[in-house]
**Student:** 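Got a structure for you, questions after.
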2 protein chains.
Amino acid sequence: MKKLDILKKLRSSGLRPTKQRVEIAKFLFEREKTFHFTVESLDKLLSKKTTSKFALATIYNTVHAFKAAGHLSEVEVRGNKTYFDTNVSNHHHFYDSETSELIDIDANEVVIQKIPKAPNGKKIKNVEVFINLKN
Amino acid sequence: MKKLDILKKLRSSGLRPTKQRVEIAKFLFEREKTFHFTVESLDKLLSKKTTSKFALATIYNTVHAFKAAGHLSEVEVRGNKTYFDTNVSNHHHFYDSETSELIDIDANEVVIQKIPKAPNGKKIKNVEVFINLKN
DNA sequence: ATCCAGTTTATAATTATTCTAAAGTGAAAA
DNA sequence: TTTTCACTTTAGAATAATTATAAACTGGAT
Ligand SMILES: [Mn+2]
Ligand SMILES: [Mn+2]
Ligand SMILES: [Zn+2]
Ligand SMILES: [Zn+2]
């Protein structure tokens, strides 16, 4: 994703492209592969890779704004902190609890043959599969 | 599960059956259906249903001890607090994020036809399916 | 150039959980 | 049955992740 696209992406989702948002967006979205991170890990990586400083609150604000705009998704993994994901399509995960590492599984790599129907009055929003790993 | 079984359960897992543990175990395990809870919700329910008082730290200690002994499992759901589950068998969940409600799905209600192989050097520990619900 | 709603920031507040260390207790041993 | 002590409970302090606050700043419309 090129810089111009980053600006477009921000503007088209009603996010003013501030210095901080553009830098964070470049860091998150200008890459080939899915990136899974916590606010803490993102903060550390940003400190290393860029010269600017970001208040921690800004990182929280930005990540939540990106999530609300649909540019990031949240992944539920065991543990205390929240994980985010640059892959916002419907997909699944391998999870290695020893390293806290998430690995994407494309939706079509998992085929479910049988699934119960939703409880009365409710509908199925989506199905998430976690494959927990060991060594 | 009867009171005698509760005592047996505790002793056989090396847990001294203290007043607090027995009361909490009775509350958790003397029921027909699976019970999903957080430490906070358990604390509130215990205050209502019993006359004894429990330090919050005791509830944390006890729940963790029960989990370590294999009498409880932990369920990962979106949100800040940790959910526990009296169903320690391999099973899946419906999850209603609006009510934060978990509903059990028996393992044999879900049949997976295709699944990717584990990344190099790693093995699959287990597969967990979450069916997210909406209204 | 001016202005202002939206944004960033430092810091305080909140929330969930864990730690600490003193007091209490189940049950083994005397 | 008393004594003993490792294990447990407890109140409160500490920690860690996240959110709230409110003052300073800034992108971009006018
Ligand atoms: Mn989590
Ligand atoms: Mn959680
Ligand atoms: Zn992912
Ligand atoms: Zn369950």
Side-chain angles (χ1 to χ4, degrees), chain A residues 3-4 6-27 36-47 50-69 71-72 74-84 100, chain B residues 3-4 6-27 36-47 50-69 71-72 74-84 100:
Chain A
K3 178 163 187 181
L4 257 174
I6 293 274
L7 293 182
K8 224 179 280 177
K9 178 174 215 162
L10 294 179
R11 274 196 244 273
S12 70
S13 43
L15 295 166
R16 211 151 68 175
T18 63
K19 206 173 0 153
Q20 292 82 349
R21 284 178 178 162
V22 172
E23 277 218 59
I24 295 175
K26 283 171 67 182
F27 183 79
H36 298 107
F37 63 95
T38 65
V39 168
E40 190 197 20
S41 70
L42 177 58
D43 183 37
K44 279 188 187 136
L45 291 169
L46 284 172
S47 309
T50 78
T51 51
S52 352
K53 321 162 199 33
F54 305 88
L56 189 57
T58 299
I59 301 181
Y60 275 100
N61 290 343
T62 303
V63 162
H64 286 148
F66 288 178
K67 184 193 168 191
H71 303 319
L72 287 175
E74 199 180 319
V75 187
E76 190 49 30
V77 291
R78 232 159 288 260
N80 21 292
K81 17 194 162 184
T82 303
Y83 279 73
F84 294 92
S100 297
Chain B
K3 178 161 189 181
L4 257 174
I6 293 275
L7 293 182
K8 223 180 282 179
K9 179 174 216 164
L10 293 179
R11 274 197 243 273
S12 70
S13 43
L15 295 167
R16 211 149 71 173
T18 62
K19 204 170 2 145
Q20 292 83 348
R21 284 177 179 162
V22 172
E23 278 219 58
I24 295 175
K26 283 171 68 180
F27 183 79
H36 298 108
F37 63 96
T38 64
V39 168
E40 190 197 19
S41 71
L42 177 57
D43 183 38
K44 279 187 185 134
L45 290 169
L46 284 172
S47 309
T50 78
T51 51
S52 353
K53 319 163 202 31
F54 304 87
L56 189 57
T58 299
I59 302 181
Y60 274 100
N61 289 343
T62 302
V63 162
H64 285 148
F66 288 177
K67 185 192 167 192
H71 303 319
L72 288 174
E74 199 180 319
V75 187
E76 189 51 29
V77 291
R78 232 158 288 259
N80 22 292
K81 13 194 165 186
T82 303
Y83 279 73
F84 294 92
S100 296

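Labels below follow one simple rule: chain letters A, B, ... track the order of the sequence lines, proteins then strands, and each chain is numbered from 1.
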**Student:** Checking contacts here: which listed nucleotide (dT9(D), dT17(C), dT18(D)) is nearest the side-chain heavy atoms of Thr18(B)?
**Tutor:**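 It is dT9(D).
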**Student:** In terms of the nearest nucleotide of DNA chain C, which residue is placed more toward the 5' end: Lys19(A) or Arg11(B)?
**Tutor:**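 Per heavy-atom nearest nucleotide, the more 5' residue is Lys19(A).
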**Student:** For residues Leu15(A) and Ala69(A), report the shortest heavy-atom separation together with the two atoms involved.
**Tutor:**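 Closest pair (atom of Leu15(A), atom of Ala69(A), distance): CD1-CB, 4.1 Å.
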**Student:** Just the rounded figure in Å: distance from C1' of dA27(C) to CG of Leu7(B).
**Tutor:**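 After rounding, the reported distance stands at 14 Å.
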**Student:** Taking only the side-chain heavy atoms of Leu56(A) (C-beta and beyond), determine which of dT18(D), dT17(C), dA10(C) contains the nearest atom.
**Tutor:**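 It is dT18(D).
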**Student:** State whether His64(B) places a side-chain N or O below 4.0 Å from either non-bridging phosphate oxygen (OP1 or OP2) of dT17(C).
**Tutor:**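 His64(B) to dT17(C) OP1/OP2: no side-chain N or O under 4.0 Å.
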**Student:** Ile59(A) has an atom CD1; how far is it from atom C1' of dT8(C), in whole Å?
**Tutor:**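 After rounding, the reported distance stands at 12 Å.
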**Student:** Please determine, for the side chain of Arg16(B), which listed nucleotide (dT25(C), dT8(C), dT10(D)) has the closest atom?
**Tutor:**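 That would be dT25(C).
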**Student:** Taking only N and O in the side chain of Thr82(A), is any of them less than 4.0 Å away from OP1 or OP2 of dA17(D)?
**Tutor:**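 False: Thr82(A) side-chain N/O out of range (4.0 Å or more) of dA17(D) OP1/OP2.
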**Student:** For the pair made of CG in Asn80(B) and P in dT18(D), what is the distance, rounded to whole Å?
**Tutor:**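 Value for this atom pair: 9 Å.
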**Student:** May I have the distance from Asn61(A) (atom CG) to dG6(C) (atom C1'), rounded to whole angstrom?
**Tutor:**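 Spelled out: CG on Asn61(A) to C1' on dG6(C) is 11 Å.
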**Student:** When the nearest nucleotide of DNA chain C is assigned to Ala57(B) and to Pro17(B) on a heavy-atom basis, which residue is associated with the more 5' position?
**Tutor:**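 The residue whose closest nucleotide sits nearer the 5' end is Ala57(B).
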**Student:** Say you draw a straight line from CG of Asn61(A) to CZ of Phe54(A); how long is it, rounded to the nearest 0.5 Å?
**Tutor:**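 Going from the CG atom of Asn61(A) to the CZ atom of Phe54(A) covers 13.0 Å.
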**Student:** Look at the side chain of Gln20(A) and decide which nucleotide, out of dT9(C), dA11(D), dT18(D), has an atom nearest to it.
**Tutor:**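 It is dT9(C).
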**Student:** Spell out, as yes or no, whether a donor-acceptor pair under 3.5 Å connects the side chain of Thr50(A) to the backbone of Ser47(A).
**Tutor:**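 It does not hold such a pair.
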**Student:** Tell me the interatomic distance from Glu40(B), atom CD, to dT14(C), atom P, rounded to whole angstroms.
**Tutor:**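 To the nearest whole Å, that distance equals 16 Å.
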**Student:** Which residue, Tyr60(A) or Ala55(B), contacts DNA chain D at a nucleotide closer to its 5' end, judged by nearest heavy atom?
**Tutor:**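 Its nearest nucleotide lies further toward 5', so the answer is Ala55(B).
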**Student:** Nearest to the side chain of Thr58(B), which nucleotide is it out of dT8(C), dT9(D), dG28(D)?
**Tutor:**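 Nearest listed nucleotide: dT9(D).
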**Student:** Ignoring hydrogens and angles, tell me if any N or O in the side chain of Arg21(B) forms a donor-acceptor pair with the backbone of Arg16(B) under 3.5 Å.
**Tutor:**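 Yes, because the side chain of Arg21(B) sits within donor-acceptor range (under 3.5 Å) of the backbone of Arg16(B).
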**Student:** Using whole Å, what does the distance between atom P of nucleotide dA17(D) and atom NZ of Lys81(B) come to?
**Tutor:**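 It is 18 Å, rounded to the nearest whole Å.
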**Student:** Rounded to whole Å, how long is the line connecting atom NZ of Lys44(A) with atom C1' of dA16(D)?
**Tutor:**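 Nearest whole value for this atom pair: 12 Å.
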**Student:** Is a side-chain N or O of Asp43(A) found less than 3.5 angstrom from the main chain of Val39(A), in a donor-acceptor match?
**Tutor:**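 No; judged by distance alone, with no hydrogens or angles, the pair does not exist.
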**Student:** Just the rounded figure in Å: distance from P of dT10(D) to CG of Leu46(B).
**Tutor:**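 After rounding, the gap between these two atoms is 12 Å.
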